[in-house]
Asker: 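Can you keep this structure in mind? I'll have questions shortly.
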Amino acid sequence: MFLSLPSRRKAAFRWATPLLFATVWLAFLWSISRPHEARNSLWMDWGALSAGLMRPLDWWATLQDGSVLRLFTALFLHADWSHLLGNLVFLLIFGLPAERVLGPWRLILLFLFGGAFSNLVAVYTMGTPDQIIIGASGAVSALIGTYLALFPGARLGVVIPLGLFLEFVRAPAYLLIGFWAVLQVVFAHIGPSFGMVAWWAHIAGFGFGVVYGVYVRAAIARRLRKRQGF
């Protein structure tokens with residue numbers, strides 16, 4: 001998948017997306033360098049658990065002992081290479097153009113709070129208790145939702161394999177992203193048939209991203225008009 005955003009003004013250096021990319025990558029390399037039991041302990045200590053936040057008193061306890069931060073730290077833990085690389089690819093595809101408009105700090109806030117919100121939804125929707133919720137999928141889904149809200153008329157380039165040939169086509173972003181969102185809903189209802197994946201975290205992150213994009217769009221438009229030439 002490829003996308004481009006033409007501009008008459010030279011783009012500023014985008015550091016937030018590479019920083020998030022490097023942080024997630026290094027956290028994974030560090031985790032897989034540990035013995036198996038130590039890695040499981042790391043997930044238990046820093047991943048979000050699908051239980052324990054059902055009552056107001058539970059929330060107060062997590063705020064007191066700081067364990068609520070696990071909703072954020074879980075974003076930087078991944079189970080395996082496929083889990084990691086899928087998130088990193090989409091982080092770059094949608095993070096770089098989104099950062100160009102959002103700015104680095106808005107992008108980091110979107111990643112962290114969109115991911116934390118998606119993990120929180122997963123906590124309440126996981127069918128089995130005490131499952132470990134890890135990965136940046138919810139945060140990346142939030143980036144996708146914000147990209148759609150900011151660039152509803154954009155066109156995404158997709159490479160489609162046709163036998164021995166590869167065909168490059170351009171399709172509306174709302175069509176491709178909408179199809180992806182529908183798949184998340186379908187998989188969320190199919191459940192374990194497609195593995196232990198927190199599909200509702202993807203849906204929640206995407207919804208958070210859309211709302212976030214709509215909310216900041218007016219402020220961004222004012223800033224871009226001042227730049228004269230976006």
Side-chain angles (χ1 to χ4, degrees), residues 1-28 72 75-76 78 83-119 135-160 168-181 184 201-230:
M1 183 179 292
F2 306 92
L3 53 87
S4 61
L5 291 174
S7 173
R8 296 190 298 272
R9 185 178 185 275
K10 185 177 180 180
F13 175 69
R14 283 162 279 182
W15 56 266
T17 301
L19 176 63
L20 291 171
F21 182 98
T23 303
V24 172
W25 180 271
L26 292 174
F28 177 74
F72 297 91
L75 301 174
F76 300 94
H78 289 80
H83 189 201
L84 171 76
L85 294 178
N87 284 333
L88 290 183
V89 167
F90 282 92
L91 171 60
L92 290 179
I93 289 175
F94 293 99
L96 289 173
E99 182 181 352
R100 179 177 176 180
V101 177
L102 288 173
W105 295 111
R106 282 195 180 102
L107 182 93
I108 290 175
L109 289 176
L110 169 63
F111 184 91
L112 292 176
F113 286 94
F117 175 76
S118 67
N119 284 341
S137 301
V140 172
S141 298
L143 287 176
I144 296 174
T146 295
Y147 177 87
L148 182 61
L150 294 176
F151 312 112
R155 299 181 72 84
L156 301 178
V158 183
V159 176
I160 301 177
F168 180 82
V169 298
R170 298 183 69 85
Y174 68 84
L175 183 63
L176 293 177
I177 295 176
F179 178 71
W180 171 85
Q184 307 312 301
H202 300 180
I203 298 168
F206 177 74
F208 183 98
V210 171
V211 173
Y212 183 88
V214 171
Y215 177 76
V216 302
R217 188 165 54 185
I220 292 171
R222 288 193 298 269
R223 177 165 59 87
L224 293 178
R225 283 196 296 268
K226 290 180 180 179
R227 288 184 176 181
Q228 298 179 353
F230 175 78

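Reckoned from all heavy atoms, side chains included, excluding hydrogens, waters and symmetry mates. Note that the structure is predicted; figures quoted are calculated from it, not measured. Along the sequence shown, the residues carry numbers beginning at 1.
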Asker: Between H83 and S137 (side chain of the first, backbone of the second, donor and acceptor by atom type, cut-off under 3.5 Å), is there such a pair?
Answerer: no

Asker: Go through the steps to decide whether F76 and T23 satisfy the test side chain to side chain contact (heavy atoms under 4.5 Å, CB included), and finish with yes or no.
Answerer: CA-CA 7 Å; F76 300 94; T23 303; 3.7 Å; yes

Asker: Using every non-hydrogen atom in the two residues, find where S118 and G205 come nearest and quote the distance to one decimal.
Answerer: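 The pair with the smallest heavy-atom distance is CB-N, 3.8 Å.
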
Asker: Quick one, L143 and L107 - any side-chain contact, counting heavy atoms below 4.5 Å?
Answerer: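 Answer yes - side chains close enough.
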
Asker: Between P97 and L92, what is the shortest heavy-atom contact and its length?
Answerer: CD-O, 4.1 Å

Asker: For L75 and A139, which heavy atoms make the closest approach, and how far apart are they?
Answerer: CD2-CB, 4.3 Å

Asker: Roughly how far, to the nearest 0.5 Å, is CG of L91 from CD1 of I144?
Answerer: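 With rounding to 0.5 Å, CD1 (I144) is 10.0 Å from CG (L91).
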
Asker: For L148, check side chain to side chain contact (heavy atoms under 4.5 Å, CB included) against everything at least two apart and list the hits.
Answerer: Y174, I177, F206

Asker: When rounded to the nearest 0.5 angstrom, what is the spacing between CH2 in W105 and CG in L110?
Answerer: 14.5 Å

Asker: Would you compute the distance between atom CG of L150 and atom CG of L102 and round it to the nearest 0.5 angstrom?
Answerer: 5.5 Å

Asker: Going from CG on N87 to CH2 on W25, what distance comes out if it is rounded to the nearest 0.5 angstrom?
Answerer: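 If we round to the nearest 0.5 Å, N87:CG and W25:CH2 are 12.5 Å apart.
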
Asker: Measure the spacing between OG of S141 and CZ of F117 and express it to the nearest 0.5 Å.
Answerer: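 The distance works out to 12.5 Å.
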
Asker: Would you please classify the geometry between the F151 ring and the Y147 ring as parallel, tilted or perpendicular, with 30° and 60° separating the classes?
Answerer: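 Y147 and F151: tilted rings.
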
Asker: Once you round to the nearest 0.5 Å, how far does OH of Y215 lie from CZ of F208?
Answerer: 11.5 Å

Asker: Of all residues at least two apart in sequence or in a different chain, which pass the side chain to side chain contact (heavy atoms under 4.5 Å, CB included) check with L109?
Answerer: F113, Y212

Asker: Search all heavy atoms of A149 against all heavy atoms of V210 and return the closest pair with its distance.
Answerer: CB-O, 3.7 Å

Asker: Distance-only, no hydrogens or angles: does the E99 side chain make a donor-acceptor pair with backbone N or O of T17 under 3.5 Å?
Answerer: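 Checking the backbone N and O of T17 against the side chain of E99, a donor-acceptor pair under 3.5 Å is found.
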
